[in-house]
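Following: one structure in structure tokens, then a few remarks.
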Amino acid sequence: MKKDFLSISDISEYELESIVADAVRLKRLKYAGTAHEYLRGKSLAMIFEKASTRTRVSFEVGMSDLGGHALFLNPQDMQLGRGEEVRDTARVLARYVDAVMIRAYRHDAVEEFARYSTVPVINGLSDRLHPCQVLADIMTLSERFGDLRDLKLAWIGDGNNVCNSWLLSSALTGMEITVASPPPYQPKDAIVTRAREAGGRVRITTDPAEAVRDADILYTDIWVSMGDEQQRTERLRALKGYTIDEHLLARAPPDALVMHCLPAHRGEEITDEVIEGPQSIVWDQAENRLHAQKALLVRLIGADIPAE
Ligand code: CP
Ligand code: NVA
């Protein structure tokens, strides 16, 4: 396993499978009320340049479940906010804690942090990638389907950070990812090329109906990601027609599942009926952030989880 988890492509197919298997075991232990303090005495620093509900709470509760400790750090309250350099902060924090999770505006800053940190760094979302989300989503699908190979996921809407992580995951899972977006909001060629070169099966279209026709999973995310607020009006205009609503869902196979990483803007990328409907598995996805990240943390900074 590499030192850091900055991208889903930082892990191998085998590592992904074993993290998901550990996550399922940790979920079972938690449900049974059985202690699983595999990170006793360990600390995780969590730096959030941007807002968060799920990532913050799941990492913090996860560390507590594992017998460790998490520190929430707002850069505005740190010397980082007064101009201390990322590389200096990274080297100092590594002297205190066992791992760092960072949510940052610029992916380059996450990479710089990892370069200077002597302890593992986890990307908790950047403008480019959101690997922890896709890790939890893969766990969620593996609970439902077992084998993911040849499943078809249709990404509808903005080709953003979460979409990029899905594209990069294709080579690991064998899933086919079709992205339906208007041209200005399609994923960048560099990511599509990287995903394909790694062996991923990736298709890009402008037509949501075509993307969902044979899809097992429909996935969407907010149209205005954190950092894109200035472009709100043009984004809403360009993405109109890319809502997952009952009409689009009706064009997918009847047993297709609907996913959303949350937070959702009902009436924009998804309707109230669909997110609340029987095909939606969004709450399972959100819950699995906790279990999947616990497995990732144990893998990065703990010992092996004993077999049951
Ligand atoms: N999905 C996700 O990462 O949610 P938060 O922004 O609430 O952490
Ligand atoms: N794409 C969204 C995901 C939030 C979890 C954002 O970056 O704001």
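Each ligand, and each atom within it, is numbered from 1 in the order the structure gives. From a predicted model like this one, the values you see are computed outputs, not experimental measurements. Residue indices begin at 1 and follow the sequence shown.
- The shortest N/O to N/O separation between R103 and ligand 2 does not fall below 3.5 Å.
- For atom 7 (O) of ligand 1, the closest heavy atom belonging to the protein is T53 N, 2.7 Å.
- For K240, the NZ atom is loosely surrounded, since the number of other residues' heavy atoms within 6.0 Å does not exceed 12.
- Ligand 2 has an N or O atom lying under 3.5 Å from an N or O atom of S225, backbone or side chain.
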key: Full working for side chain to side chain donor-acceptor pair (under 3.5 Å) between T271 and R266   = CA-CA 5 Å; T271 60; R266 293 159 195 241; over 6 Å; no
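- At a heavy-atom cutoff of 4.0 Å, ligand 1 is contacted by no atom of L125, backbone or side chain.
- Here E37 does not pair with K42 in a salt bridge; the nearest charged N to carboxylate O distance is not below 4.0 Å.
- Under the 4.0 Å criterion applied to side-chain N and carboxylate O atoms, R106 and D127 are not assigned as salt-bridge partners.
- The aromatic rings of W155 and Y219 sit parallel, their planes meeting at an angle under 30°, below the 60° perpendicular limit.
- Residue contacts with ligand 2 for L125 involve side-chain atoms from C-beta outward but no N, CA, C or O (heavy atoms, distance under 4.0 Å).
- The shortest heavy-atom contact between C163 and D158 is CB-O, 4.2 Å.
- Considering backbone and side-chain atoms together, M226 places no N or O closer than 3.5 Å to any N or O of ligand 1.
- Only one option out of V121, V86, L93 pairs with I47 in a side-chain contact (heavy atoms from CB on, under 4.5 Å); it is L93.
- Taking distance alone, with nitrogen or oxygen atoms compared against 3.5 Å, C261 approaches ligand 1 more closely than that limit.
- Cation-pi contact between R56 and F72: present, with separation from the ring centre below 6.0 Å and deviation from the ring axis of at most 45°.
- Atoms of ligand 2 found under 4.0 Å from any heavy atom of N160, numbered from 1 in the order shown, are 1 (N).
- Those atoms of ligand 2 with a heavy atom of I222 less than 4.0 angstrom away are 2 (C).
- In this structure, atom 2 (C) of ligand 1 lies nearest to the protein heavy atom R289 NH1, 3.3 Å.
- Among all non-hydrogen protein atoms, the one lying nearest atom 3 (O) of ligand 1 is H130 NE2, 2.8 Å.
- Of the protein's non-hydrogen atoms, the one nearest atom 4 (O) of ligand 1 is R54 NE, 2.8 Å.
- Closest to atom 3 (C) of ligand 2 among all protein heavy atoms lies D221 OD2, 3.5 Å.
- Neither the backbone nor the side chain of D127 has a heavy atom within less than 4.0 Å of ligand 2.
- Around atom CZ of R40, no more than 12 heavy atoms belonging to other residues, nucleotides or ligands sit under 6.0 Å away.
- At a 4.0 Å heavy-atom cut-off, ligand 2 touches N161 through the side chain alone.
- Closest heavy-atom contact between S170 and R201: OG-N, 2.8 Å.
- Of the polar atoms of R56, none of the N or O atoms is found under 3.5 Å from an N or O of ligand 1, judged by distance alone.
- Of all the atoms in ligand 1, the ones that sit under 4.0 Å from a non-hydrogen atom of L262 are 1 (N), 2 (C), 4 (O).
- From the protein, the heavy atom lying nearest to atom 5 (C) of ligand 2 is L262 O, 3.6 Å.
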request  = Applying side chain to side chain donor-acceptor pair (under 3.5 Å), run through R203 and T178 and close with a yes or a no.
outcome  = CA-CA 5 Å; R203 294 195 307 130; T178 302; 3.2 Å; yes
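- Listed by atom number, the atoms of ligand 1 under 4.0 Å from R103 heavy atoms are 3 (O), 5 (P), 6 (O), 8 (O).
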inquiry  = Could you walk me through whether E13 and R149 satisfy the salt bridge (Lys or Arg N to Asp or Glu O under 4.0 Å) test, starting with their C-alpha distance in whole Å, then the side-chain angles of each, then the deciding distance to 0.1 Å, before giving a yes or no?
reply    = CA-CA 12 Å; E13 192 180 328; R149 192 150 293 278; 3.5 Å; yes
task = Go through K2 and D10 one step at a time and tell me if the salt bridge (Lys or Arg N to Asp or Glu O under 4.0 Å) criterion holds.
result = CA-CA 7 Å; K2 281 192 181 172; D10 283 342; 3.2 Å; yes
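- The closest protein non-hydrogen atom to atom 8 (O) of ligand 2 is M226 N, 2.8 Å.
- Not a single heavy atom of D228 sits closer than 4.0 Å to an atom of ligand 2.
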